[in-house]
Amino acid sequence: MRFGFALPQIGSTAGPDALVRVAKRAENLGFDSLWVLDRILWPVSPRAPYPIGDGFLPLQYKNVLDPVETLMFAAAQTSRIALATGVLNLPWYNPVLLARRLTTLDVLSRGRLRVGFGIGWSPDEYEAAGAPWQDRGKRADESIEVLKKIWTTDPVEFEGKYYRIAKSFIGPKPVQKPHPPIYMAAYMPSAMKRVAVEANGWFPVGIPLSGVGPMFEGIKNMAKEAGRDPSAMELIVRANVEIHD
């Protein structure tokens, strides 16, 4: 078991001083990883309720630093601790440009990147990102294909339903081979199969702890059916700590 810590990326404390203090302290204490999340906006009248609590995002989500740039800043302040996204909402991003951003982070951090991907839940954020709500799962699948193609081949050539790359050299490649570890958030059967086939681990979000074990066993069984080693699958659990008197 390894322990990570969330960077102060959201709310009133988000800023350079807090980021430096937490990143350095976590590394000195021997934490395994630093984590960020992906949030575009805080809708005043959300079209879809937040899956936890009263249906509204916590107020601190009104102020959110960009996840990749936050990790890049933390990378410059540390030397050993891993840098992880938990999670990037993949359909919001052009995968070619995202591959370049993530590769740059892996190269400049000397191979410390871990990438968590999801597809999000908010139609308001999809609209703001200019990303279509329909086919978001299929777009995520194709984006993973694009990312892996860019990270592992040269020259790169891709022809899909949503994205196309003419035969080209795209470099540099990530330090980690064949690519940085990929974790995926999922709870629907199709998304869980995506984890089993494409990812290095599962990042359950909004799932009761009582359901995590059986669902993870299901993912490992699907990984075995896909010819992968189920024992190599990682489980990433996020816990929000509340401090009381």
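Model, not experiment: these values are computed from the prediction.
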Per-pair distances, 0.1 Å, donor-acceptor, side chain in residues 196-215, under 3.5 Å, sequence neighbours excluded:
unit_1: Glu198; atom_1: OE1; unit_2: Lys148; atom_2: NZ; d: 2.8
unit_1: Asn200; atom_1: OD1; unit_2: Ile182; atom_2: N; d: 2.7
unit_1: Trp202; atom_1: NE1; unit_2: Ala186; atom_2: O; d: 2.9

| message | Using every non-hydrogen atom in the two residues, find where Tyr126 and Pro132 come nearest and quote the distance to one decimal. | response | CD2-O, 3.5 Å
| Are Val146 and Tyr162 joined in one hydrophobic group, where the rule is that I, L, V, M, F, W and Y side chains link up if heavy atoms are under 4.5 Å apart? |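 Both belong to a single hydrophobic cluster.
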| Phe31 with Ile236, same ILVMFWY side-chain cluster at under 4.5 Å | no
| query | Counting distance only, does the side-chain N/O of Glu142 pair as donor-acceptor with the main-chain N or O of Lys161 below 3.5 Å? | reply |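 Such a contact is found between Glu142 side chain and Lys161 backbone.
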| message | Would you say that more than 12 heavy atoms from the other residues, nucleotides or ligands in this model lie under 6.0 Å from the NZ of Lys220, or not? | response | yes
| task | Drop me the distance from Asn221's CG to Met192's CE, to the nearest 0.5 angstrom. | result | 10.0 Å
| message | Given 3.5 Å as the limit, does a donor-acceptor pair link the side chain of Gln176 with the main chain of Pro181, or not? | response | no
| said: Restricting to side chain to side chain donor-acceptor pair (under 3.5 Å), what partner residues turn up for Arg238, sequence neighbours left out? | reply: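 So Arg238 forms a side chain to side chain donor-acceptor pair (under 3.5 Å) with Asn240.
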| request: Give a yes or no on this: more than 12 heavy atoms of other residues, nucleotides or ligands lie within 6.0 Å of atom CZ of Arg136. | output: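 Atom CZ in Arg136 is crowded, with more than 12 foreign heavy atoms closer than 6.0 Å.
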Check residues 4-15 and write down every donor-acceptor pair under 3.5 Å in which the side-chain atom is one partner and the other belongs to a residue at least two apart or another chain.
unit_1: Gln9; atom_1: OE1; unit_2: Leu37; atom_2: N; d: 2.9
unit_1: Gln9; atom_1: NE2; unit_2: Leu37; atom_2: O; d: 2.8
unit_1: Gln9; atom_1: NE2; unit_2: Leu65; atom_2: O; d: 2.8

| said: With rounding to the nearest 0.5 angstrom, report the CG to CZ distance, Asp106 to Arg110. | reply: 12.0 Å
| request: Find out whether Tyr183 and Val115 are in side-chain contact, i.e. whether some heavy atom of one side chain is under 4.5 Å from a heavy atom of the other. | output: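 No - every pair of side-chain heavy atoms lies 4.5 Å or more apart.
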| note | CG (Leu41) and OG (Ser122) are apart, to the nearest 0.5 Å, by 6.0 Å
| message | Arg139: which residues meet the side chain to side chain donor-acceptor pair (under 3.5 Å) condition with it, sequence neighbours left out? | response | none
| Pairwise salt bridge (charged side-chain N to carboxylate O under 4.0 Å, His left out) hits with a residue in residues 169-178, at least two apart |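 Salt bridge (charged side-chain N to carboxylate O under 4.0 Å, His left out) check on residues 169-178 returns Asp154-Lys173.
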| request: Using the rule that two of Ile, Leu, Val, Met, Phe, Trp, Tyr join whenever any of their side-chain heavy atoms come within less than 4.5 Å, decide whether Ile144 and Met233 are in one cluster. | output: yes
| request: Starting at CD1 of Ile81, measure out to CG of Leu34 and round the result to the nearest 0.5 Å. | output: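 So the gap between those two atoms works out to 3.5 Å.
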Can I get a per-line list of side-chain donor-acceptor pairs under 3.5 Å for residues 42-51, giving both atom names and the distance, sequence neighbours left out?
unit_1: Trp42; atom_1: NE1; unit_2: Leu57; atom_2: O; d: 2.9
unit_1: Trp42; atom_1: NE1; unit_2: Pro58; atom_2: O; d: 3.3
unit_1: Arg47; atom_1: NE; unit_2: Asp124; atom_2: OD1; d: 3.0
unit_1: Arg47; atom_1: NH2; unit_2: Pro123; atom_2: O; d: 3.4
unit_1: Arg47; atom_1: NH2; unit_2: Asp124; atom_2: OD1; d: 3.4
unit_1: Arg47; atom_1: NH2; unit_2: Glu127; atom_2: OE1; d: 3.3

| query | Looking only at heavy atoms, what is the nearest atom pair of Trp151 and Pro174, with distance? | reply |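 What the structure gives for the nearest pair is CD1-CG, 3.4 Å.
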| Spacing of NE2 belonging to His179 relative to NZ belonging to Lys149, to within rounding of 0.5 Å |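 Atom-to-atom, His179:NE2 and Lys149:NZ are 12.5 Å apart.
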| Where is the tightest heavy-atom contact between Val87 and Ala185, given as atom of each residue plus distance? |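 What the structure gives for the nearest pair is CG1-CB, 4.3 Å.
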| query | In terms of hydrophobic clustering (I, L, V, M, F, W, Y; side-chain heavy atoms under 4.5 Å; direct or indirect links), are Met188 and Leu235 co-clustered? | reply | yes
| message | Measuring from atom CG of Asp141 to atom CD1 of Ile119, what distance do you get when rounded to the nearest 0.5 angstrom? | response | 9.0 Å
| Does the Ser168 side chain pair with the main chain of Ala166, one donor and one acceptor, at a distance under 3.5 Å? |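 Yes; at least one donor-acceptor contact below 3.5 Å.
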| task | Decide whether Leu97 and Ile150 are clustered together by the hydrophobic rule: side chain heavy atoms of Ile, Leu, Val, Met, Phe, Trp, Tyr closer than 4.5 Å, transitively. | result | no
Validation: residues 67-79 side-chain donor-acceptor distances under 3.5 Å, sequence neighbours left out:
unit_1: Glu69; atom_1: OE1; unit_2: Arg101; atom_2: NH2; d: 2.7
unit_1: Glu69; atom_1: OE2; unit_2: Arg101; atom_2: NH2; d: 3.4
unit_1: Thr70; atom_1: OG1; unit_2: Asp66; atom_2: O; d: 2.6
unit_1: Thr78; atom_1: OG1; unit_2: Ala74; atom_2: O; d: 2.8
unit_1: Thr78; atom_1: OG1; unit_2: Arg112; atom_2: NH1; d: 2.8

| request: Please report the shortest heavy-atom distance between Pro155 and Thr153, naming the atom on each side. | output: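 Pro155 and Thr153 have their closest heavy atoms at O-OG1, 4.0 Å.
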| field | Results of side-chain contact (heavy atoms from CB on, under 4.5 Å) for Ser33 - residues two or more places apart only | value | Trp35, Ala82, Arg114
| Do Glu27 and Lys24 meet the salt-bridge criterion of a basic N to acidic O distance under 4.0 Å? | no
| Which residues pass the salt bridge (charged side-chain N to carboxylate O under 4.0 Å, His left out) test with Glu125, sequence neighbours left out? | Arg39
| Among pairs that include at least one residue of residues 82-98, which meet side-chain hydrogen bond (donor to acceptor under 3.5 Å, both in side chains), considering only residues two or more places apart or in two chains? | Asp38-Tyr93
| remark: Across all chains, not counting sequence neighbours, the side chain to side chain donor-acceptor pair (under 3.5 Å) partners of Glu159 are Arg164
| field | Flag side-chain contact, heavy atom, 4.5 Å: Phe169 against Val156 | value | no
| Do the side chains of Ile170 and Ile165 get nearer than 4.5 Å, heavy atoms only? | yes
| request: Return the minimal non-hydrogen interatomic distance between Thr103 and Pro172, and the atom names on each side. | output: CG2-O, 3.2 Å
| query | What residue pairs, at least two apart or across chains, pass salt bridge (charged side-chain N to carboxylate O under 4.0 Å, His left out) with a residue in residues 1-16? | reply | Arg2-Asp32, Arg2-Glu234
| message | Is there a side-chain contact between Leu90 and Leu98 in this structure, where contact means two heavy atoms from C-beta onward sitting under 4.5 Å apart? | response | yes
